[in-house]
Amino acid sequence: MDDALFEAAPPPPPAPGAGGGSLSGNAHASAPLAVRMRPRTLDELVGQQHLLAPGSPLRLLVEGDQPMSLLLWGPPGTGKTTIASIVSTQTNRVFVEVSAVAAGVKEVRAAIDGARARLASSGQETVLFVDEVHRFSKAQQDALLPGVENRWVTLVAATTENPFFSVISPLLSRSLLLTLEPLTDDDVRDVVLRAVDDDRGLGGRVRLDDDALEHLVRLAGGDARRSLTYLEAAAGGAAAGVAAGSEDVAHIDLETVEKAVDRAAVRYDRQGDQHYDVISAFIKSVRGSDADAALHYLARMMEAGEDPRFIARRLVILASEDIGLAHPAALTTAVAAAQAVQLIGMPEARLNLAQATIELALAPKSNAVIKAIDAASADVRAGRIGQVPPHLRDAHYPGAKKLDHGTTYTYAHDAPYGVAEQQYAPDVLLDAQYYRPTALGAEAGFRERWERIRRMIRGR
């Protein structure tokens with residue numbers, strides 16, 4: 001170890017209860033509600049039960065004080081910053097935060113050098129929290145490696161994007177990847193109710209109506225921080241309506257929540273009839289080529305907090321069921337939108353869903369693909385199967401030629417135009433015709449080509 005480390009003056013210790021960064025000193029009464037209600041222990045953490053089991057790596061890190069670096073991947077408001085805070089406070093480590101938005105290589109190295117000096121002089125370890133690590137360049141991420149490799153810091157890096165695409169391999173291989181799941185409605189409901197009653201939060205000074213609570217849950221979209229931000233705004237609006245000197249408890253009703261967050265309550269129950277009615281209307285509007293109506297139902301679902309992955313999956317299905325080869329790019333667009341939802345998350349991914357919705361609504365339509373596979377499946381279920389023609393059977397094992405397997409097979413690439421005249425279907429299905437292309441969009445070209453190829457194959 002460099003002797004100069006022992007000669008350098010250690011960085012000043014953090015104030016009691018603070019470790020640096022944006023979490024420092026945020027326990028005061030004027031701090032945002034979401035900050036005041038931040039869980040202090042793993043037992044207070046809402047959701048993420050798959051990470052909290054006894055003996056799990058996260059528990060070993062916090063309760064067993066075992067040094068390891070973490071990479072936390074999950075949607076906003078699921079507890080990434082909270083876990084970093086718990087790791088520092090429950091293990092008596094110093095907490096230092098580096099902003100991936102504003103910091104450069106210089107700031108990263110300074111944070112690691114400070115942690116290294118602190119470890120050498122006092123033995124105190126440091127948690128280095130890097131939020132939105134995917135925003136760091138390769139050089140900035142490289143600067144983190146010495147601190148992680150030598151355990152000068154316990155790195156806790158958070159990202160909302162797929163780390164296999166956004167984090168360099170050396171850093172990924174040296175960190176334990178923990179995937180955080182979106183919070184359920186029940187999780188968010190617990191967060192809101194706890195904030196209403198807890199002395200760190202509103203301390204029972206407000207009364208929250210059931211429909212107002214459910215609206216807050218819907219608007220949160222699985223983001224605990226967002227739910228508390230909206231609750232705090234609504235509580236402020238309710239408190240302003242209480243007469244000065246009155247002992248009445250501030251009342252938060254649905255109208256108060258609507259005014260506070262500037263959104264009207266969307267009549268939409270994700271577990272009830274509205275869930276099925278609205279998604280049905282959405283799909284039928286896209287199928288019917290009404291882009292405006294489709295966008296209305298898309299917005300209605302998103303404003304109500306519908307899972308965007310559910311919407312994306314339906315678009316992927318629709319791309320083949322209702323468009324197919326009339327516009328082959330539809331499936332590519334739908335899959336790309338689904339991937340964007342996974343990589344980016346809401347609210348930004350609404351743009352990707354909107355783009356896919358518009359393109360699919362305006363695309364020429366064909367249900368020939370689903371009709372083809374349904375007809376083929378119907379024949380199979382009806383027992384119209386037949387034997388595979390001998391020339392198509394596997395001919396790679398000893399004795400296959402004695403059975404006449406593959407002996408008369410014509411290699412398609414050796415035939416004119418790459419199409420060989422020979423029997424492919426079983427005898428019982430020689431006249432079967434499943435794929436019947438339409439004359440719409442790009443499928444008109446497929447229709448003409450398929451008719452020619454079909455005649456060539458069958459020698460007609």
Side-chain angles (χ1 to χ4, degrees), residues 1 5 10-24 26 38-45 48 51-52 55-74 78-100 103 105 107-136 140-159 163 166-180:
M1 185 177 290
L5 285 177
S22 66
L23 298 182
S24 302
N26 279 339
R38 192 183 301 279
R40 296 161 294 188
T41 67
L42 289 180
D43 292 333
E44 291 184 3
L45 192 65
Q48 316 310 332
L51 301 180
L52 302 177
S56 65
L58 183 57
R59 287 220 178 256
L60 291 176
L61 173 62
V62 173
E63 298 172 355
D65 205 11
Q66 295 186 3
M68 66 180 74
S69 290
L70 298 179
L71 187 56
L72 306 175
W73 174 29
T78 52
K80 297 185 293 295
T81 306
T82 294
I83 289 175
S85 176
I86 291 173
V87 169
S88 67
T89 56
Q90 284 203 266
T91 58
N92 294 317
R93 292 180 171 95
V94 175
F95 187 95
V96 177
E97 182 176 356
V98 174
S99 170
V105 173
E107 288 77 10
V108 171
R109 288 176 177 166
I112 292 177
D113 288 343
R116 186 181 181 188
R118 188 178 299 110
L119 184 64
S121 63
S122 66
Q124 189 172 28
E125 298 179 3
T126 301
V127 170
L128 176 60
F129 178 59
V130 181
D131 198 10
E132 296 189 274
V133 69
H134 58 271
R135 293 179 178 266
F136 266 171
Q140 290 169 310
Q141 293 187 35
D142 281 337
L144 294 168
L145 288 176
V148 174
E149 289 176 335
N150 295 286
R151 288 190 174 172
W152 296 329
V153 296
T154 295
L155 174 68
V156 180
T159 178
S166 58
V167 178
I168 59 174
S169 297
L171 190 58
L172 191 60
S173 65
R174 289 165 175 79
S175 305
L176 178 65
L177 176 61
L178 300 181
T179 303
L180 281 71

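Predicted, not measured: the structure shown is a model, and the values here were computed from it.
- Rounding to the nearest 0.5 Å places OG1 of Thr179 at 5.5 Å from CH2 of Trp73.
- Counting heavy atoms of neighbouring residues, nucleotides and ligands inside a 6.0 Å radius, atom CZ of Arg174 exceeds 12 of them.
- In terms of heavy atoms, Trp152 sits closest to Ala115 at O-CB, 3.6 Å.
- Atom CG of residue Asn150 and atom CZ of residue Arg116 lie 7.0 Å apart, to the nearest 0.5 angstrom.
- Closest heavy-atom contact between Pro170 and Ser173: O-OG, 3.0 Å.
- Rounded to the nearest 0.5 Å, atoms CG (Leu119) and CD1 (Ile112) are 13.0 Å apart.
- Contact between Gln48 and Thr78 at its shortest, heavy atoms only, is NE2-O, 3.4 Å.
- Glu97 has its side chain out of reach of Thr81: every pair of non-hydrogen atoms, C-beta onward, lies at least 4.5 Å apart.
- Looking at heavy atoms from C-beta onward, Val96 lies out of side-chain contact with Val153 at the 4.5 angstrom threshold.
- The two residues Gly74 and Lys80 come nearest to each other via the heavy atoms O-NZ, 3.1 Å.
- Note: Leu42 CG to Ser56 OG = 7.5 Å, rounded to the nearest 0.5 Å.
- Counting heavy atoms from C-beta on, the side chains of Ile83 and Leu180 come closer than 4.5 Å.
- In this structure, Val108 and Val105 have side chains that are not in contact, with every pair of non-hydrogen atoms separated by 4.5 Å or more.
- With no hydrogens or angles considered, a side-chain donor-acceptor pair links Arg118 and Thr126 at under 3.5 Å.
- Scanning for salt bridge (charged side-chain N to carboxylate O under 4.0 Å, His left out) contacts around Glu132 gives Arg135, with sequence neighbours left out.
- At a threshold of 4.5 Å between non-hydrogen side-chain atoms, the residues Val133 and Leu71 count as touching.
- Note that CG of Leu45 is 8.0 Å distant from CG of Leu58, once rounded to the nearest 0.5 Å.
- Looking at Leu128, Leu155, Thr154 one by one, the single match for side chain to side chain contact (heavy atoms under 4.5 Å, CB included) with Val148 turns out to be Leu155.
- Partners of Gln141 according to the side-chain contact (heavy atoms from CB on, under 4.5 Å) rule, which considers only residues two or more places apart in sequence or in another chain, are Phe136, Val167, Ile168, Leu171.
- With sequence neighbours left out, Arg40 forms a salt bridge (charged side-chain N to carboxylate O under 4.0 Å, His left out) with Glu44.
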